[in-house]
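The block underneath contains the structure these notes are about, expressed in structure tokens.
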Number of protein chains: 2
Amino acid sequence: MTTNESSYRDKKVMSIGIVKELTGLSERQIRYYEKRQLLFPDRTDTGIRKYSFSDVERLMDIADQIEEGVQTHEIRSELAKRDELQKTKDIRNKMLKGQLNAHFQKKY
Amino acid sequence: MTTNESSYRDKKVMSIGIVKELTGLSERQIRYYEKRQLLFPDRTDTGIRKYSFSDVERLMDIADQIEEGVQTHEIRSELAKRDELQKTKDIRNKMLKGQLNAHFQKKY
DNA sequence: CGTGTAAGGAATTCTGACACG
DNA sequence: CGTGTAAGGAATTCTGACACG
């Protein structure tokens with residue numbers, strides 16, 4: 001019953017053209033931030049980059065910081081920190097759900 | 001404060017290749033269902049179709065019905081009915097939000 | 001350091017048609 | 001009716017490089 005609509009946020013489905021429209025950034029910028037390891041799009045078998053809505057949010061965040069004069073490597077460590085924290089939260093959450101499911105015999 | 005993450009569901013951002021992967025349908029089928037007016041993707045200025053996650057859900061629904069032997073024109077009227085109902089709900093909702101915002105002087 | 005651009009190639013998407021039925 | 005396919009063209013994306021700084 002817990003359909004996770006929120007998973008749409010993290011699904012990598014957009015090509016760079018749409019991301020460019022959504023963020024207002026140039027393809028050059030989007031690819032450059034990837035090279036600097038600020039985001040990690042998926043790739044299709046043939047090498048086409050695929051982004052999620054959360055990547056788009058992330059890019060807008062990055063763009064703001066760049067404008068403020070923050071350098072990519074600084075943004076990178078901040079984002080890495082945040083990602084780590086989020087990963088921990090996700091695991092904690094996953095375990096909690098497992099517990100609940102085991103208890104109430106639900107499917108997931 | 002009410003960030004609508006759920007708006008991601010209706011944002012038309014995917015090209016047909018991804019939709020094909022997500023639904024398991026052929027491009028031919030996806031385009032055909034559009035011709036039969038079962039769904040309404042956007043188009044870029046250059047004519048490329050763009051789909052939303054809700055279009056993907058809709059396609060899977062359509063595919064199920066086709067398998068059951070339901071014909072496209074029947075599916076069409078059912079979907080049209082559902083769309084109408086949803087539209088009414090959306091408007092009602094929008095008005096309610098307007099009321100609330102006016103009352104509490106919130107930004108939206 | 002961060003970004004623009006021209007270059008050439010590869011992958012994607014589009015439409016209308018022939019086919020089967 | 002619903003779907004597959006080959007055909008030709010247009011639009012998209014990719015990489016590595018030159019440029020400025």
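Every chain is numbered from 1, with letters handed out A, B, ... down the list of sequences.
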Of A:Q29 and B:K35, the one whose nearest nucleotide on DNA chain C sits closer to the 5' end is A:Q29

For C:dA10, does either OP1 or OP2 sit under 4.0 Å from a side-chain N or O belonging to A:T46? no

Basic-acidic side-chain contact under 4.0 Å: B:E78, B:K81: yes

Could you tell me the separation between the CD atom of B:E27 and the P atom of D:dA6, rounded to a whole number of Å? 13 Å

Pair partner, C:dG16 [Watson-Crick or wobble, under 3.5 Å]: none

Distance below 4.0 Å between A:Y33 side-chain N/O and C:dT3 OP1 or OP2: yes

Rounded off to whole Å, could you give me the CD1-to-P distance for the B:I16 and C:dT15 pair? 9 Å

Would you mind reading off the distance between A:E67 atom CD and C:dT3 atom P, rounded to a whole angstrom? 10 Å

Could you tell me the separation between the CD1 atom of B:I30 and the P atom of D:dT3, rounded to a whole number of Å? 11 Å

CA sep, side-chain torsions, deciding dist, call: B:R58, B:L79, side chain to side chain contact (heavy atoms under 4.5 Å, CB included): CA-CA 9 Å; B:R58 197 176 174 105; B:L79 285 175; 3.6 Å; yes

B:S26 vs D:dG4: side-chain N/O to OP1/OP2 distance below 4.0 Å: yes

Please determine if a side-chain N or O atom of A:Y32 lies less than 4.0 Å away from the OP1 or OP2 oxygen of C:dG2. yes

Between B:T72 and B:K50, the residue closer to the 5' end of DNA chain D by nearest nucleotide is B:T72

Quiz question: by atom type and distance under 3.5 Å, do the side chains of A:S52 and A:D10 form a donor-acceptor pair? no

Under 4.0 angstrom, heavy atoms only, what part of the nucleic acid is B:R36 near: base, sugar-phosphate, or nothing? sugar-phosphate

Please give, in whole Å, the distance from D:dT12 P to B:I18 CD1? 17 Å

Residue pair A:L22, A:M60: steps toward the side chain to side chain contact (heavy atoms under 4.5 Å, CB included) verdict: CA-CA 9 Å; A:L22 261 34; A:M60 300 184 95; over 6 Å; no

Just name whichever nucleotide pairs with D:dA6, Watson-Crick or G-U, keeping both distances under 3.5 Å, else none. none

Between A:Y8 and B:F53, what is the ring plane arrangement, given parallel below 30°, perpendicular above 60°, and tilted in between? parallel

Length of the line joining B:R31:CZ and D:dT5:P, which is rounded to integer Å: 13 Å

Rounded to the Å, how far apart are A:R28 CZ and D:dA19 C1'? 10 Å

With sugar-phosphate meaning primed atoms plus P, OP1 and OP2, does B:R49 contact a base, only sugar-phosphate, or nothing at under 4.0 Å between heavy atoms? sugar-phosphate

Name of the residue among A:L96, A:T88, A:D90 meeting side-chain contact (heavy atoms from CB on, under 4.5 Å) with A:R92: A:T88

May I have the distance from B:I48 (atom CD1) to C:dT15 (atom C1'), rounded to whole angstrom? 12 Å

Close side-chain approach of B:Y51 to B:R49, heavy-atom, < 4.5 Å: yes

Does anything in residues 38-45 of chain A reach DNA chain C, meaning a heavy atom under 4.0 Å, and if so which residues? none

Flag the pair A:K11 and A:D55 as a salt bridge only when some basic side-chain nitrogen lies within less than 4.0 angstrom of an acidic carboxylate oxygen. no

